[in-house]
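For reference, the structure is listed below as structure tokens.
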Amino acid sequence: MTTASQELLLSRIRDVQDYPQPGVVFKDITPLLADPKAFTVLTDALTEICVRSGATKVVGLEARGFILGAPVAVRAGLGFIPVRKAGKLPGATLAQTYDLEYGTAEIEIHAEDLNDGDRVMVIDDVLATGGTAEAAMQLIRRGGAEVAGIAVLMELGFLAGRSRLESALRGAPLESLLTL
């Protein structure tokens with residue numbers, strides 16, 4: 001990705017102070033999504049990562065990972081699989097609980113959407129602490145597929161999510177378009 005492309009993406013991410021709680025600076029990507037040029041640059045960059053990795057499917061993490069991952073899957077000619085919060089998918093699912101800063105959360109996936117031999121790219125907007133991405137990788141592997149990698153729009157380096165994911169990646173790449 002070129003420096004100009006990175007600057008375009010960064011210029012379309014708005015900082016929202018004290019959201020969702022005091023002391024937090026929320027990175028709002030809605031201005032980026034509203035700009036067709038910036039959204040296309042983002043989609044193209046994530047698509048290139050998927051193609052380069054040999055991915056056969058894309059997993060998008062609820063909810064902004066759906067917005068980013070679905071057009072990438074279409075552009076790359078790959079299937080798209082949503083990873084949802086617990087209780088949102090009908091039928092049989094695989095579930096994975098993971099730790100949050102205060103408490104726990106649970107995500108689910110339809111296992112029948114994964115096949116042996118699938119190489120799955122996990123896409124999300126932000127890598128923060130890495131808990132959701134780590135849980136998604138566990139679900140993908142439990143479903144019989146391989147993790148092709150993780151691709152995110154931005155990585156919040158100060159939260160050390162990359163360090164948390166190092167062993168769970170098992171050599172698969174973690175690519176962030178922007179590191180903040």
Side-chain angles (χ1 to χ4, degrees), residues 1 5-34 38-39 41-43 45-46 49-50 53 55 58-73 80-88 94-109 120-142 147-180:
M1 167 168 269
S5 294
Q6 287 178 316
E7 288 173 0
L8 173 63
L9 297 179
L10 192 56
S11 75
R12 300 303 188 271
I13 298 170
R14 177 178 49 197
D15 286 348
V16 179
Q17 300 293 326
D18 298 321
Y19 184 82
Q21 62 188 30
V24 173
V25 178
F26 182 79
K27 299 295 186 185
D28 180 14
I29 67 166
T30 58
L32 188 156
L33 300 173
F39 195 13
V41 166
L42 172 59
T43 301
L46 293 172
I49 292 168
C50 285
S53 74
V58 171
V59 153
L61 304 181
E62 189 163 331
R64 291 175 298 272
F66 298 172
I67 297 167
L68 304 184
V72 167
F80 177 79
I81 303 170
V83 169
R84 305 276 331 252
K85 294 177 183 170
K88 301 289 184 178
L94 292 176
Q96 185 67 45
T97 302
Y98 61 100
D99 292 328
L100 299 169
E101 186 175 352
Y102 301 103
T104 61
E106 186 175 33
I107 56 174
E108 296 179 332
I109 193 169
V120 182
M121 179 62 66
V122 177
I123 292 184
D124 205 4
D125 65 329
V126 176
L127 173 62
T129 62
T132 308
E134 183 178 40
M137 287 190 292
Q138 292 169 340
L139 285 175
I140 290 164
R141 290 180 177 125
R142 285 177 48 211
V147 174
I150 297 175
V152 296
L153 165 58
M154 63 187 134
E155 178 179 347
L156 305 179
F158 64 94
L159 292 175
R162 182 175 291 269
S163 297
R164 176 181 182 163
L165 296 178
E166 253 177 37
S167 66
L169 283 162
R170 300 182 192 168
L174 166 56
E175 298 194 44
S176 54
L177 303 179
L178 304 170
T179 301
L180 308 175

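Numbers here are sequence positions counted from 1.
For the pairing with Leu153, the side-chain contact (heavy atoms from CB on, under 4.5 Å) check across Ile13, Asp124, Leu10 returns one residue only, Ile13. When Val83, Ile81, Ile140 are each tested for a side-chain contact (heavy atoms from CB on, under 4.5 Å) with Val122, only one passes: Ile140.
In this structure, Arg162 CZ and Glu155 CD are separated by 4.0 Å, a value rounded to the nearest 0.5 Å. The CZ atom of Arg12 sits 12.5 Å away from atom CG of Leu42, with the distance rounded to the nearest 0.5 Å. Atom-to-atom distance recorded for Leu169:CG and Glu134:CD is 9.0 Å, nearest 0.5 angstrom. Of the inter-residue distances, the one linking Thr129 atom OG1 with Leu165 atom CG reads 8.5 Å to the nearest 0.5 angstrom. One distance of note links CG of Leu32 with NZ of Lys27; it measures 13.0 Å at 0.5 Å rounding. To the nearest 0.5 angstrom, Phe158 atom CZ is 12.0 Å from Thr179 atom OG1.
For the residue pair Leu61 and Ala136, the shortest heavy atom distance occurs at CD2-CB, 3.6 Å. The two residues Phe66 and Gly60 have their closest heavy-atom pair at CE2-O, 3.3 Å. Closest approach of Lys88 to Glu108, counting heavy atoms only: N-OE1, 4.2 Å. Closest of all the heavy-atom pairs between Leu68 and Asp125 is CD1-CA, 3.6 Å. Residue Ala38 comes nearest to Leu8 through the heavy atom pair CA-CD2, 3.8 Å, listed as atom of the first residue, atom of the second, then distance. Among all heavy-atom pairs drawn from Ala135 and Ile107, the shortest one is CB-CD1, 3.6 Å.
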Subject >> Verdict with supporting geometry, Ile109 and Val59, side-chain contact (heavy atoms from CB on, under 4.5 Å) >> reply: CA-CA 9 Å; Ile109 193 169; Val59 153; 4.2 Å; yes

**OP:** Let me see the working for Leu127 and Ser176 under side-chain contact (heavy atoms from CB on, under 4.5 Å), right down to the final yes or no.
**Re:** CA-CA 8 Å; Leu127 173 62; Ser176 54; over 6 Å; no

Subject >> Residues Leu46, Val58; criterion side-chain contact (heavy atoms from CB on, under 4.5 Å); working and verdict >> reply: CA-CA 11 Å; Leu46 293 172; Val58 171; over 6 Å; no

**OP:** Might you work through the side-chain contact (heavy atoms from CB on, under 4.5 Å) test for Arg141 and Arg170, ending with a clear yes or no?
**Re:** CA-CA 11 Å; Arg141 290 180 177 125; Arg170 300 182 192 168; 3.3 Å; yes

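The environment of OH in Tyr19 is sparse: at most 12 heavy-atom neighbours from other residues, nucleotides or ligands sit within 6.0 Å.
Side-chain atoms of Ile49 and Leu177, non-hydrogen and from C-beta on, do get closer than 4.5 Å to each other. Considering only heavy atoms from C-beta on, Met137 comes within 4.5 Å of Ile150 through its side chain. Residues Val120 and Val147 form no side-chain contact, since every pair of their non-hydrogen atoms from C-beta on lies 4.5 Å or further apart.
Put simply, the side chain of Glu62 gets close to the backbone of Lys85: a donor and an acceptor are under 3.5 Å apart. Checked by atom type and distance alone, the side chain of Asp18 pairs as donor or acceptor with a backbone atom of Gly23 at under 3.5 Å. Using modelled atom types, no side-chain atom of Gln6 and backbone atom of Leu178 make a donor-acceptor pair closer than 3.5 Å. Judged purely by atom type and a 3.5 angstrom limit, Arg142 uses its side chain to pair as donor or acceptor with the backbone of Ala95.
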